[in-house]
Amino acid sequence: MIERIVVVGASTAGLATVESLREAGFRGEVVLLGAEHRDPYRRPALSKQILLGTWEPDQARLVEASTLRALEVDFRPGHRAVRIDRRSRTVQTDHHAIETGIIGYDAVVIATGASARRPSWASYSAEANRPAPAIHLLRTLDDALRIAGQLVRGRRVTVLGTGILGSEIAAAASARGARVSLVGRGAGLSLGAVGLRFSDRLRALHAAHGVEVRTGAEVEAVRPSDGPGYDVLFADGTRSGSDVVIAAVGAEPAVAWLAGSGLLTDGSLLADSHGRVADRVFAVGDATSWLDPATGTHRPCGHQLTAMEQGRSVGRLLAAGHLSPYPIPFFWAEIHGARIQASGRLDIADSVELLAGDHDSDQALFEFRTGDRTCGLVAWNMPKPFRTHRAALLAERSPPTPLLETS
Amino acid sequence: MKIEVTRSTCVGAGQCVLVADDLFDQDDDGLVVLIEEDPGEDRVESARLAASLCPARAIQVRE
């Protein structure tokens with residue numbers, strides 16, 4: 001009998017789990033642990049509205065306080081899980097008081113998300129007495145507010161990382177009047193699972209907005225300069241000056257606290273197609289990779305909608321034994337005002353066709369195909385055609401896979 | 001039942017239209033347009049589904 005469910009992690013996936021538990025009729029106790037001292041917030045807005053300064057921090061809230069209350073959830077912000085003990089079925093937090101620091105569970109849902117990756121050259125300082133360079137990373141609302149405060153007109157901003165996040169940060173910084181360089185060792189600019197296929201489009205977009213793009217450039221170090229700011233030193237011996245340095249070089253699942261729990265496989269938290277990791281243990285969101293029944297591989301979640309759908313899937317399974325279909329990936333980006341939307345298994349495509357719009361215009365809809373089957377869609381500034389074609393993509397979604405025994 | 005949408009947080013994914021095209025539409029920028037703000041009780045389930053699948057959580061359903 002499941003009487004108490006502990007959800008570890010109070011962001012999108014954790015909150016969605018709690019909501020769907022209640023929606024699907026779970027009446028027992030639900031404890032929601034949040035590492036940050038904040039109510040749940042919208043992470044995609046951090047690199048968009050928060051950096052642009054168009055939203056107050058409060059607008060990033062995922063739920064009103066009254067909604068949280070209505071869920072009758074024991075929400076504990078500022079309680080970071082540090083250990084799980086599967087024998088005694090307890091989660092231990094960094095909270096001192098023993099009565100709140102160790103929490104028993106009948107089922108636990110791990111939703112601890114991911115942490116921003118620190119560039120290898122920035123993780124330590126070779127000379128003991130020199131502080132590590134002030135590299136900004138972007139993962140939390142506090143990070144975003146700190147960076148936003150640095151995006152001042154005329155300031156030199158260097159963004160390291162040629163993925164979506166790097167492009168979004170560079171775009172926001174340039175919109176705020178900073179002089180922006182976007183640099184990375186990749187051969188081009190990538191768009192998540194789409195890879196480099198739209199690199200030229202992204203380059204053109206950045207060029208049109210005055211962002212200098214430098215790809216194939218390996219950074220070796222960032223040092224305080226003799227004048228104001230920093231010197232960014234490249235492997236080819238060149239250097240460039242910068243007032244602000246922001247690294248967006250990927251994220252790592254935040255699962256270090258599970259070391260020794262027996263839940264990790266080669267350091268990764270792997271779940272089946274319904275989010276089950278082991279008996280009474282589930283995982284959702286960026287902390288985990290679910291088994292994709294269509295490809296037989298484990299896929300990281302990576303995006304807000306998938307995190308929500310995973311939370312929903314586990315919530316309904318736990319509360320009502322309901323099986324959900326595997327979520328189809330969907331993500332969006334906003335770069336210099338362009339709305340880019342993508343859906344499907346884009347990484348398995350062997351061909352891409354233009355469905356609508358124009359190759360050379362800012363409006364285009366692309367169909368990704370594997371063999372003669374559609375496996376994904378990418379739209380540039382064409383939200384309505386994107387949705388119409390996405391309906392067809394979703395209609396082909398396979399039914400839920402059956403539950404198999406877990407260990 | 002009352003449906004409220006927050007266009008300032010909408011990201012134009014169109015999830016709501018896929019789930020309930022009798023309640024929601026999109027404008028040319030893709031942003032949500034509410035067709036029916038006070039639909040009958042028989043639409044509660046699809047309104048709730050749209051709300052829970054909105055990636056921007058821009059839909060509120062109040063009973």
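Throughout, a chain's letter reflects where its sequence line sits, starting with A, and its residues are numbered from 1.
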Stepwise side chain to side chain contact (heavy atoms under 4.5 Å, CB included) check, B:Val11 with A:Arg339: CA-CA 9 Å; B:Val11 299; A:Arg339 188 192 295 285; 4.2 Å; yes
Shortest non-hydrogen separation from A:Pro383 to B:Gly12 and the atoms involved: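 So the minimum-distance heavy-atom pair works out to CB-O, 3.9 Å.
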A:Glu23 side-chain N/O to B:Leu49 backbone N/O, donor-acceptor pair under 3.5 Å: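 Not confirmed, A:Glu23 side chain does not pair with B:Leu49 backbone.
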Step-by-step side chain to side chain contact (heavy atoms under 4.5 Å, CB included) determination, A:Met308 to B:Gln15: CA-CA 13 Å; A:Met308 293 171 68; B:Gln15 289 277 104; over 6 Å; no
Considering only distance and modelled atom types, tabulate donor-acceptor pairs under 3.5 Å from the side chains of residues 316-338 of chain A, sequence neighbours left out.
unit_1: A:Arg316; atom_1: NH2; unit_2: A:His322; atom_2: NE2; d: 2.7
unit_1: A:His336; atom_1: NE2; unit_2: A:His206; atom_2: ND1; d: 2.8

Heavy-atom proximity to chain A below 4.5 Å, by part of B:Thr9: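 Both parts, backbone and side chain.
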Interface moiety of B:Asp28 toward chain A, non-hydrogen atoms closer than 4.5 Å: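 Both backbone and side chain.
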Salt bridge A:Arg387-B:Asp25, side-chain N to carboxylate O under 4.0 Å: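 Looking at A:Arg387 and B:Asp25, the cut-off is met.
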Whether over 12 other heavy atoms sit under 6.0 Å from B:Glu4 CD: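 Yes, enclosed.
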Within 6.0 Å of CD in A:Gln363, more than 12 heavy atoms from elsewhere: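 Counting other residues, nucleotides and ligands, CD of A:Gln363 exceeds 12 neighbours.
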Members of residues 52-59 of chain B whose heavy atoms come closer than 4.5 Å to chain A: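 Within residues 52-59 of chain B, the residues under 4.5 Å from chain A are B:Ser52, B:Leu53, B:Cys54, B:Pro55, B:Ala56, B:Arg57.
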Options A:Gln49, A:Glu309, A:Glu19, ranked by heavy-atom pairs under 4.5 Å with chain B, top entry: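 Looking at each option in turn, the highest pair count goes to A:Glu19.
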